[in-house]
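Report on the following structure.
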4 protein chains.
Amino acid sequence: MNLSTKDKLLEAAKQLFSEKGYHETKISDIVSKAQVAQGTFYIYFKSKEDIFLQLIKKIHQELLDRLSKYKEISGNPQTILTMLVEEFLEEVYKNRELAQIFFGQLLGINEEFRQLYIKKISDIQQVLKDILSRFYDEESSAVLSALILGFLRQLFFNCLIEKNLTLDQMKRKAYIALNIIDRGVC
Amino acid sequence: MNLSTKDKLLEAAKQLFSEKGYHETKISDIVSKAQVAQGTFYIYFKSKEDIFLQLIKKIHQELLDRLSKYKEISGNPQTILTMLVEEFLEEVYKNRELAQIFFGQLLGINEEFRQLYIKKISDIQQVLKDILSRFYDEESSAVLSALILGFLRQLFFNCLIEKNLTLDQMKRKAYIALNIIDRGVC
Amino acid sequence: MNLSTKDKLLEAAKQLFSEKGYHETKISDIVSKAQVAQGTFYIYFKSKEDIFLQLIKKIHQELLDRLSKYKEISGNPQTILTMLVEEFLEEVYKNRELAQIFFGQLLGINEEFRQLYIKKISDIQQVLKDILSRFYDEESSAVLSALILGFLRQLFFNCLIEKNLTLDQMKRKAYIALNIIDRGVC
Amino acid sequence: MNLSTKDKLLEAAKQLFSEKGYHETKISDIVSKAQVAQGTFYIYFKSKEDIFLQLIKKIHQELLDRLSKYKEISGNPQTILTMLVEEFLEEVYKNRELAQIFFGQLLGINEEFRQLYIKKISDIQQVLKDILSRFYDEESSAVLSALILGFLRQLFFNCLIEKNLTLDQMKRKAYIALNIIDRGVC
DNA sequence: AATGAATGAGGTTTCATTCAT
DNA sequence: GATGAATGAAACCTCATTCAT
């Protein structure tokens with residue numbers, strides 16, 4: 001594949017941010033990995049923050065879109081949740097690198113990014129809650145969304161630790177958790 | 001109270017790290033908040049990393065100690081878990097600032113800190129799993145510990161968003177979640 | 001002449017090191033004399049040590065090359081020695097500034113530089129000894145090389161003291177000394 | 001032996017300056033080696049320069065005194081020179097550490113010390129020349145003093161390189177050199 | 001569009017010196 | 001005399017960003 005200069009930069013940045021973190025990744029690292037000149041970076045991005053935000057927004061929007069469609073899908077909560085969790089895991093697994101940036105790096109950069117993170121995670125939790133509130137009361141929906149989102153993040157975290165955890169193994173663990181939750185809420 | 005110079009620096013660092021994050025906190029900020037000279041910092045700490053690590057190790061050890069004692073306490077899982085979760089919330093709530101550093105900042109600094117974070121979170125999850133495995137099989141314990149720890153982190157995260165969330169409100173949410181889980185695992 | 005930025009820095013460093021010595025020369029002095037920005041220095045050199053070493057290696061290699069060719073030149077010792085000493089004085093006189101750095105500064109910097117100095121002076125003494133050992137026995141060659149090298153350094157030192165000592169006056173003193181030595185070794 | 005605080009500091013400084021050089025030796029090194037407090041240093045010495053100068057002056061004065069007495073001793077040049085060189089080697093060998101500071105470090109510190117060095121070496125060379133001018137004409141005396149002093153410094157330098165060179169071995173080399181010079185000047 | 005040398009603000013770190021006890 | 005914690009000036013070094021080509 002023959003990537004455009006901008007895509008080469010985005011790809012290089014994605015890998016480096018997820019490997020080394022925001023602050024340890026230098027513009028010079030990005031351009032050298034992308035094999036372009038230092039100045040070329042600034043043709044496409046205003047700053048390091050800028051390229052980082054573009055990556056963040058991309059992963060977040062994709063995840064939100066995939067989850068949002070379950071707001072309208074009909075079925076029993078168990079089935080919908082199972083599908084939703086599968087979709088979440090698939091999306092996150094596919095974009096492990098970006099997800100790591102999103103879930104792991106955003107909080108530690110500066111106040112602006114911290115606000116962004118809070119906003120974006122709240123968005124995700126809100127989508128979950130909206131879906132759940134079709135079946136449960138307000139308070140239960142809130143607790144359940146925290147329970148599920150927290151579990152998914154923890155699962156993803158475990159996936160980072162045990163590098164060889166496969167998507168199927170994650171799904172299996174998720175089914176067990178969903179089963180417990182499902183039986184619990186009856 | 002009349003703090004020692006070292007404690008003045010630790011206290012200033014704690015506040016600044018939790019407010020502005022690791023990278024946005026400059027050593028010059030710390031010494032100016034602690035009202036000591038620039039060079040004084042280096043009498044007590046080798047570097048910014050050093051003072052940060054000292055803070056991290058402190059919060060982690062305290063949390064681990066409080067949780068570990070439940071390994072030996074007898075009772076039914078519901079009771080033990082409730083006590084443990086209360087203790088976790090109390091400890092974390094008491095040290096909100098340090099906890100925010102621990103859960104929010106550590107991943108985004110550098111590879112060394114990332115490894116430390118993984119190690120320390122795994123430690124906590126392991127303690128949880130040890131307690132649970134007295135009552136449940138291996139796989140259930142693993143899933144349950146992820147479920148609970150994930151939920152607690154999510155709860156704590158919500159506490160950061162809605163600044164006025166009280167400890168009692170957090171506990172109430174935790175009881176609901178524990179109830180769901182408890183009914184689910186039967 | 002239009003020097004490259006690197007050469008501007010080397011030239012400025014050479015002058016400053018020989019005037020003020022290694023430790024009194026600040027990187028800020030070098031860049032300000034070279035009329036480039038502070039950061040520019042670090043594009044070309046890792047540190048102050050680095051630029052210093054590059055200068056040292058240059059002067060040493062040039063001197064060694066000029067002396068080494070006398071290993072193969074045929075003639076009687078008196079003639080060879082005279083030519084060699086002339087060459088030494090010319091080279092050193094031409095690069096008075098660098099030579100002063102080499103002979104005067106290297107010992108006083110740190111252990112690493114001290115080792116380098118010992119190695120490099122030994123190299124020079126060895127070349128002298130190799131040339132002499134074609135005519136004299138082992139022990140005489142060793143003593144003679146120390147005698148000649150010591151004298152040349154002392155002469156160079158006198159040149160530094162009496163700023164107006166010309167190359168020809170140094171040569172004249174050298175001839176006298178060589179005469180004494182030549183008559184003495186018969 | 002029970003050294004006074006001042007002597008403990010001088011002794012520690014002597015060792016450290018000769019091992020690590022002037023700039024690499026920190027006041028904190030000196031006081032810690034002398035086992036006194038940081039502030040104690042300033043009771044006895046105005047500054048780092050001050051203690052260094054006191055050491056330098058000591059070695060220089062002792063050397064000068066030992067050499068000066070040969071101005072008045074009668075005898076043939078060969079005998080006088082031999083005794084003088086022996087005395088020089090003994091003095092320098094005895095105070096190897098200080099001598100290394102004197103001959104090796106002084107030039108590389110700053111302009112003030114450079115002037116001092118030039119002055120002090122010239123003093124030594126002058127004493128030599130005064131002694132020699134009782135037997136030889138002006139120009140020969142100048143060359144001879146440079147020849148002898150240069151050789152002695154070179155010999156001392158070799159002693160630093162080959163750590164196990166004994167005083168007797170140095171003397172033996174000196175006799176050979178003096179013999180050559182003696183035969184040469186006739 | 002692409003280059004990459006040059007910039008300099010802004011941080012970290014060192015260490016000789018002071019001073020209250 | 002002796003202490004040693006505190007000081008802060010002065011150095012070093014990094015790296016996001018600019019700009020002439």
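In what follows, every chain begins at residue 1, and chains take the letters A, B, ... in the order their sequences are listed.
- Between the CD1 atom of B:I51 and the P atom of E:dT12 there is a distance of 12 Å, given to the nearest Å.
- In this structure a side-chain-to-backbone donor-acceptor pair under 3.5 Å is present from B:H60 to B:K120.
- Atom pair B:L3:CG and F:dA5:P shows a separation of 18 Å (rounding to whole Å applied).
- For the atom pair CD of B:Q100 and CG of A:L107, the computed distance is 7.0 Å after rounding to the nearest 0.5 Å.
- Residue contacts for C:F45: at a heavy-atom cut-off of 4.0 Å it reaches no nucleic acid atom on any strand shown.
- D:K46 places no side-chain N or O within 3.5 Å of a backbone atom of D:I43 that could act as its donor or acceptor partner.
- Of the possible donor and acceptor atoms, none in the side chain of D:K14 sits under 3.5 Å from a partner among the backbone N and O of D:N95.
- Among the nucleotides E:dG8, F:dT3, E:dT3, the one closest to the side chain of A:I43 is E:dT3.
- For C:E11, the side-chain hydrogen bond (donor to acceptor under 3.5 Å, both in side chains) partners two or more places apart in sequence, or in a different chain, are C:Q15.
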field: Contact letters for nucleotides 13-21 of chain E, in which S counts primed atoms plus P, OP1 and OP2 and B counts the base, heavy atoms under 4.0 Å
entry: BBBSBB---
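- A:Q35 places its CD atom 15 Å from the C1' atom of E:dA2, with the value rounded to the nearest Å.
- Consecutive Watson-Crick or G-U pairing (both distances under 3.5 Å) extending over three or more pairs maps onto DNA chain E as E:2-21 with F:2-21.
- Regarding A:D29, its CG atom lies at a distance of 13 Å from the P atom of F:dT14, rounded to whole Å.
- Counting to the nearest Å, the C1' atom of E:dT12 and the CG atom of B:D50 are 14 Å from each other.
- Just one residue in the list A:E111, A:K119, A:E112 forms a side-chain hydrogen bond (donor to acceptor under 3.5 Å, both in side chains) with A:Q115, and that residue is A:E111.
- Summarising the geometry, the separation between CG on A:L16 and C1' on F:dA16 is reported as 16 Å, rounded to the nearest angstrom.
- Between the side chain of C:E24 and the backbone N or O of D:N110 there is no donor-acceptor pair closer than 3.5 Å.
- Here the C1' atom of nucleotide F:dG4 and the CD1 atom of D:I30 are 17 Å apart, to the nearest Å.
- Of the side-chain N and O atoms in D:Y44, one or more sit less than 4.0 angstrom from OP1 or OP2 of F:dG1.
- For the residue pair A:I30 and A:L9, the shortest heavy atom distance occurs at CG2-O, 3.8 Å.
- Looking only at distances, a side-chain donor or acceptor of B:R114 sits under 3.5 Å from a matching main-chain atom of A:E19.
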